[in-house]
Amino acid sequence: MKKYRNTIEFEVYGKYALFSDPVTRAGGEKSSYHIPTYEALKGIVESVYWKPTIIWYVDAVRIMKPIQTETKGVRPISYNGGNELAYYTYLKDVCYQVRAHFEFNPNHPELKEDWNEHKHHNIAKRMVQRGGRRDVFLGTRECQAFVEPCVFDEGEGCYDTMQGELAYGFMYHGITYADEAILPEEKNKMTVHFWRPVMKRRGLIEFIRPEECQDRRFIKEMSVRTFGEGKFSGLQEFTDEEVAD
């Protein structure tokens, strides 16, 4: 597995996680996938550090603890005055190692002054050390999580002795918004991607990039936001000396 020079690696863990399977949500109840989705992990990385100048790509995740579920009865917010009980199936006691890297966003040429790989990589590594810039959660807001630095694929995991591979079938990958669309046919659109993940040795799942997903659905037309002077303070945020190791 390729390691990019601007890679960050960290461990994220929490008491519960809920990576909702869209199929189970039609009736008002939720059931988690057994493994984290690309979109959920990307959201965690962006909670650690994000700027519109860059696009984060999640390269891989390693499942560190046994996959186990717990079903809870919850009372979701009701807008019609009802008092209904729903059942949500969460993952319990989760821990993942995550590897990700960033690339500059070609949809924002107005931010080329901020295309400083050294700056963004060093800030991102510092934010990993500090546990992230924003609140971190595993799939949904009520599943609070914590981030710590790690060396990816090091340390003992519950699937280290796993033999063969485990396929998870057709699964939600993530959403690509117009701001991060790379493929010409996805420009100015919101697109949902699907894929077929496989868990390999040591609980390792390697992700494909959004544009590599063969199954996709176009949701709606949308425009790309414009940044630049007066709309983005990050252009003059730090000097090279301030972001140096």
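In terms of the salt bridge (Lys or Arg N to Asp or Glu O under 4.0 Å) criterion, residue partners of Glu9 (sequence neighbours excluded) are, by chain and number, Lys3, Arg99.
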side-chain hydrogen bond (donor to acceptor under 3.5 Å, both in side chains) between Thr89 and Thr69, intermediate numbers included: CA-CA 6 Å; Thr89 301; Thr69 62; over 6 Å; no

Go through Leu138 and Gln144 one step at a time and tell me if the side-chain contact (heavy atoms from CB on, under 4.5 Å) criterion holds. CA-CA 6 Å; Leu138 290 157; Gln144 187 72 34; over 6 Å; no

Could you go through Arg133 and Ile123, starting from their C-alpha distance and side-chain angles, then the distance that decides it, and tell me whether this counts as side-chain contact (heavy atoms from CB on, under 4.5 Å)? CA-CA 10 Å; Arg133 276 190 166 182; Ile123 296 175; 4.0 Å; yes

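Within 6.0 Å of NZ in Lys187 there are more than 12 heavy atoms belonging to other residues, nucleotides or ligands. The 12-atom threshold is exceeded at NZ of Lys189, counting heavy atoms of other residues, nucleotides or ligands nearer than 6.0 Å. Annotation for Glu156: atom CD does not count as buried by contact number, only 12 or fewer foreign heavy atoms lying within 6.0 Å.
Listed for the Thr37 side chain is a donor-acceptor partner under 3.5 Å among the backbone atoms of Ala40. Distance alone, capped at 3.5 Å, places no donor-acceptor pair between the His173 side chain and the Cys213 backbone. Listed for the Gln214 side chain is a donor-acceptor partner under 3.5 Å among the backbone atoms of Glu212. In this structure, Trp50 contributes its side chain and Ile55 its backbone to no donor-acceptor pair below 3.5 Å.
Atom-to-atom distance recorded for Met127:CE and Ser47:OG is 13.0 Å, nearest 0.5 angstrom. Between the CE atom in Met222 and the CE atom in Met190 there is a gap of 4.5 Å [rounded to 0.5 Å]. How far OG1 of Thr53 is from CD of Glu113: 10.5 Å, rounded to the nearest 0.5 Å. Between the CG atom in Asp59 and the CG atom in Leu41 there is a gap of 11.0 Å [rounded to 0.5 Å]. Taken from CH2 in Trp115 to CG in Asn105, the straight-line distance is 8.0 Å, to the nearest 0.5 Å. One finds the CG atom of Asp93 at 9.0 Å from the OH atom of Tyr16 (value rounded to the nearest 0.5 Å).
Linking ILVMFWY side-chain heavy atoms closer than 4.5 Å, directly or via other members, places Val147 and Ile8 in a single hydrophobic cluster. Note on Tyr49: it clusters hydrophobically with Val128, by side-chain heavy-atom contacts below 4.5 Å among ILVMFWY residues. By the criterion of side-chain heavy atoms lying less than 4.5 angstrom apart, applied directly or through intervening Ile, Leu, Val, Met, Phe, Trp or Tyr residues, Met64 is not grouped with Val61; the two fall into different hydrophobic clusters. The cluster map of Ile, Leu, Val, Met, Phe, Trp and Tyr, joined by side-chain heavy atoms under 4.5 Å apart, puts Phe102 and Tyr4 in different clusters. By the criterion of side-chain heavy atoms lying less than 4.5 angstrom apart, applied directly or through intervening Ile, Leu, Val, Met, Phe, Trp or Tyr residues, Phe10 is grouped together with Ile35 in one hydrophobic cluster.
Contact detail for Val224 and Asn107: the closest heavy-atom pair is CG1-O, 3.9 Å. When all heavy atoms are compared, the tightest approach of His193 to Pro210 is CD2-O, 3.2 Å. Scanning both residues, Ile205 and Pro197, for their nearest heavy atoms gives CG2-CB, 4.4 Å. Closest approach of Ala145 and Val12 over heavy atoms only: CB-CG2, 3.8 Å. For Ser20 against Tyr33, the heavy-atom pair with the smallest separation is O-CE1, 3.5 Å.
Residues Ile182 and Thr176 fail the side-chain proximity criterion, which asks for heavy atoms closer than 4.5 Å. A 4.5 Å side-chain heavy-atom check between Asp21 and Ser32 finds every atom pair outside the cut-off. Between Tyr90 and Lys30, every side-chain heavy-atom pair lies at or beyond the 4.5 Å cut-off. In this structure, the side chains of Thr191 and Ile175 stay at 4.5 Å or more apart for every pair of heavy atoms. A 4.5 Å side-chain heavy-atom check between Ile44 and Val98 finds every atom pair outside the cut-off. With contacts defined as side-chain heavy-atom distances shorter than 4.5 Å, the pair Pro36/Ile63 qualifies. Residues Leu91 and Gln68 form no side-chain contact, since every pair of their non-hydrogen atoms from C-beta on lies 4.5 Å or further apart. Leu204 places a side-chain heavy atom less than 4.5 Å from the side chain of Phe152.
Salt-bridge check for Lys51 with Asp114: failed, with every basic side-chain N at 4.0 Å or more from each acidic carboxylate O. A salt bridge is defined here as a Lys NZ or Arg NE, NH1 or NH2 lying under 4.0 Å from an Asp or Glu carboxylate O, and Arg209 with Glu103 meets this definition. We find that Asp153 and Arg201 are joined by a salt bridge, their nearest charged nitrogen and carboxylate oxygen being less than 4.0 Å apart. Residues Arg134 and Glu46 are not paired through a salt bridge, judged by the lack of any N-O separation under 4.0 Å between the basic side chain and the carboxylate.
Cation-pi geometry between Lys72 and Tyr87 is not satisfied (NZ or CZ under 6.0 Å from the ring centre, within 45° of the ring normal).
Ring-plane geometry between Phe104 and His120 is classed as perpendicular, the angle between the planes exceeding 60 degrees on a 0 to 90 degree scale with a lower cut at 30. In this structure, Phe207 and Tyr38 have perpendicular ring planes: the angle between them is above 60°, well past the 30° mark.
No hydrogens or angles considered: nothing links the side chains of Tyr172 and Glu39 as a donor-acceptor pair under 3.5 Å. Side-chain atoms of Tyr177 and Glu186 include no donor-acceptor pair closer than 3.5 Å.
Evaluation of the salt bridge (Lys or Arg N to Asp or Glu O under 4.0 Å) test over residues 167-180, restricted to residues two or more places apart or in two chains, returns Lys42-Glu180, Asp179-Arg225.
Checking each of His118, Lys125, Glu117 against Asn6 for a side chain to side chain contact (heavy atoms under 4.5 Å, CB included) leaves exactly one that passes, namely Glu117.
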Please report, to 0.1 Å, the donor-acceptor pairs under 3.5 Å made by any side chain of residues 159-171, with sequence neighbours excluded.
from: Tyr159; atom 1: OH; to: Ile67; atom 2: N; distance (Å): 3.0
from: Asp160; atom 1: OD1; to: Arg62; atom 2: NH2; distance (Å): 2.7
from: Asp160; atom 1: OD1; to: Gly157; atom 2: N; distance (Å): 3.4
from: Asp160; atom 1: OD2; to: Gly157; atom 2: N; distance (Å): 2.8
from: Gln163; atom 1: NE2; to: Thr161; atom 2: O; distance (Å): 3.4

